[in-house]
J.: 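Okay, handing you the structure first.
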Amino acid sequence: MAALVTTVNAEFDRVAMHAVRRELLHAQAEAAGLPLIEVGIPYPCSNADYESRMRGLIECLCAERITHMAFGDLFLADIRAYREKQLRGSGIAPVFPLWNEPTAALARTMIAGGLRAVLTCVDPKRLAPEFCGRPFDAALLDALPEGVDPCGENGEFHSFACAGPMFRAPIAVETGETVERDGFVFTDLRVVR
């Protein structure tokens, strides 16, 4: 079995850091042709709450005989070590297929390969709020200030992928309101019907 896994903030009905609506998650999973496994988390969510919910997920995955879990982490060794620790002894092997890929080249390769995405969250301490809601494209990469990772690996930004070779069809989205909350800037996305 292959599936997508994500955490959803129960209070806001969105992915916590990305602020992506559940309907967009479902559209993404449908476009990818994969089932979606949602892990509900409270708001605010302590690390203990998060780990408890994730342990429950891991138990369910083990019961389904899942043997591997892939992560999109690129180079943050502490995050990788944390994920490995959480899966240790479960029988599920963590996989990091993009590990140590040079991010400047990776970002341009993804765009050249047909990836389309929109920035949904910006950390204004690391990147100007005006970047929120922009397409993740070559123009954005060219405009990023020195020191900002082109893939947002240091938390500078988060995005929503709406088209690419991993999808059967693109997901038409439109940007909505941009707000600042909890020290971050978020741009709302909606599915265009």
Side-chain angles (χ1 to χ4, degrees), residues 4-9 12 14-21 24-25 28 31-32 39 41 44-45 47 50-51 54 68-87 94-167 170-171 173 175-189:
L4 301 172
V5 174
T6 192
T7 56
V8 175
N9 179 309
F12 299 109
R14 295 172 184 255
V15 176
M17 275 313 301
H18 297 241
V20 171
R21 295 170 178 268
L24 288 168
L25 296 176
Q28 233 176 17
V39 179
I41 58 172
C45 185
N47 199 49
Y50 175 82
E51 289 181 358
M54 294 308 288
H68 294 79
M69 183 177 276
F71 299 93
D73 300 301
L74 298 168
F75 59 74
L76 297 176
D78 58 332
I79 301 296
R80 179 177 175 148
Y82 175 80
R83 297 192 196 291
E84 290 170 338
K85 178 184 171 199
Q86 298 308 308
L87 289 174
V95 179
F96 300 88
L98 300 174
W99 191 252
N100 280 333
E101 289 286 327
T103 56
L106 177 61
R108 294 200 185 268
T109 298
M110 290 187 299
I111 291 165
L115 174 74
R116 283 192 11 244
V118 178
L119 271 59
T120 58
C121 175
V122 164
D123 180 348
K125 295 181 290 303
R126 299 173 179 203
L127 185 62
E130 296 76 33
F131 279 86
C132 207
R134 284 186 62 172
F136 181 77
D137 56 15
L140 177 122
L141 296 178
D142 292 341
L144 289 175
E146 184 73 27
V148 171
D149 185 76
C151 293
E153 183 69 352
N154 294 306
E156 300 96 333
F157 62 85
H158 299 282
S159 62
F160 174 79
C162 52
M166 66 287 206
F167 294 145
I171 304 162
V173 297
T175 57
E177 182 181 19
T178 298
V179 299
E180 189 166 342
R181 185 180 69 248
D182 297 333
F184 292 90
V185 176
F186 300 96
T187 295
D188 193 24
L189 292 184

J.: Please tabulate, for the side chains in residues 105-119, all donor-acceptor contacts under 3.5 angstrom to protein atoms that are two or more places apart in sequence or on a different chain.
T.:
| from | atom 1 | to | atom 2 | distance (Å) |
| --- | --- | --- | --- | --- |
| R108 | NH2 | D142 | OD1 | 2.6 |
| T109 | OG1 | A105 | O | 2.9 |

J.: List the atom of P135, the atom of L140, and the distance in Å for their closest heavy-atom pair.
T.: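 Reported closest heavy-atom pair: O-CB, 3.4 Å.
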
J.: Go through the structure and list residues passing side-chain hydrogen bond (donor to acceptor under 3.5 Å, both in side chains) with K125, not counting sequence neighbours.
T.: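 K125: side-chain hydrogen bond (donor to acceptor under 3.5 Å, both in side chains) contacts with D123.
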
J.: Measure from the side-chain N and O atoms of E156 to the backbone N and O of V148, and report whether any donor-acceptor pair falls under 3.5 Å.
T.: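 Answer holds: no.
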
J.: Nearest 0.5 Å, please: how far is SG in C121 from CZ in F184?
T.: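 Separation between the atoms: 6.0 Å.
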
J.: Per the salt bridge (charged side-chain N to carboxylate O under 4.0 Å, His left out) rule, what does the pair list look like for residues 127-137, sequence neighbours excluded?
T.: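 The answer is none; no pair qualifies.
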
J.: What residues, two or more places apart in sequence or in another chain, satisfy ring-ring contact (aromatic ring centres under 6.0 Å, His included) together with F71?
T.: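 ring-ring contact (aromatic ring centres under 6.0 Å, His included) check on F71 returns F96.
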
J.: Between I41 and A16, what is the shortest heavy-atom contact and its length?
T.: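 That would be CD1-CB, 4.2 Å.
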
J.: For side chain to side chain contact (heavy atoms under 4.5 Å, CB included), just list the numbers for R14 and V20, CA-CA rounded to whole Å, side-chain angles, deciding distance to a tenth of an Å, and then say yes or no.
T.: CA-CA 5 Å; R14 295 172 184 255; V20 171; 5.9 Å; no

J.: Should N9 and V15 be marked as a side chain to side chain contact (heavy atoms under 4.5 Å, CB included) after you check the CA-CA gap, both sets of side-chain angles, and the distance that decides it?
T.: CA-CA 6 Å; N9 179 309; V15 176; over 6 Å; no

J.: Only counting residues at least two apart or in another chain, list the ones meeting ring-ring contact (aromatic ring centres under 6.0 Å, His included) with F12.
T.: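 By the ring-ring contact (aromatic ring centres under 6.0 Å, His included) rule, F12 matches Y43.
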
J.: Can you give me the closest heavy-atom contact between C151 and L74, atom names plus distance?
T.: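 Minimum heavy-atom separation between C151 and L74: CB-CD1, 3.5 Å.
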
J.: May I have all residue pairs that pass ring pair (Phe, Tyr, Trp, His ring centres under 6.0 Å) and include part of residues 130-164, sequence neighbours excluded?
T.: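 Those involving residues 130-164 are H18-H158.
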
J.: Which heavy atom of R181 sits nearest a heavy atom of F186, and at what distance?
T.: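 Heavy atoms of R181 and F186 come nearest at O-CE1, 3.4 Å.
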
J.: Apply side-chain contact (heavy atoms from CB on, under 4.5 Å) to P165 and list each qualifying residue two or more places apart in sequence or on a separate chain.
T.: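 Partners of P165 under the side-chain contact (heavy atoms from CB on, under 4.5 Å) test: none.
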
J.: Just distance, no hydrogens or angles: give the donor-acceptor pairs under 3.5 Å from side chains in residues 77-84, sequence neighbours left out.
T.:
| from | atom 1 | to | atom 2 | distance (Å) |
| --- | --- | --- | --- | --- |
| R80 | NE | E84 | OE2 | 2.9 |
| Y82 | OH | E51 | OE2 | 2.8 |
| R83 | NE | D73 | OD2 | 2.5 |
| R83 | NH2 | D73 | OD1 | 3.4 |

J.: Listed by chain and number, what are the side-chain hydrogen bond (donor to acceptor under 3.5 Å, both in side chains) partners of T103, not counting sequence neighbours?
T.: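 Per chain and number, T103 pairs via side-chain hydrogen bond (donor to acceptor under 3.5 Å, both in side chains) with D149.
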
J.: Please name all residues satisfying side-chain hydrogen bond (donor to acceptor under 3.5 Å, both in side chains) with T187, sequence neighbours left out, ordered by chain then number.
T.: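 T187: side-chain hydrogen bond (donor to acceptor under 3.5 Å, both in side chains) contacts with T178.
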
J.: Where do P94 and L87 come nearest, in terms of heavy atoms and distance?
T.: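 So the minimum-distance heavy-atom pair works out to CB-CD1, 3.8 Å.
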
J.: What pair of heavy atoms forms the shortest contact from L127 to P145, and how long is it?
T.: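 Where L127 meets P145 most closely, the heavy atoms are CD1-CD, 3.6 Å.
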
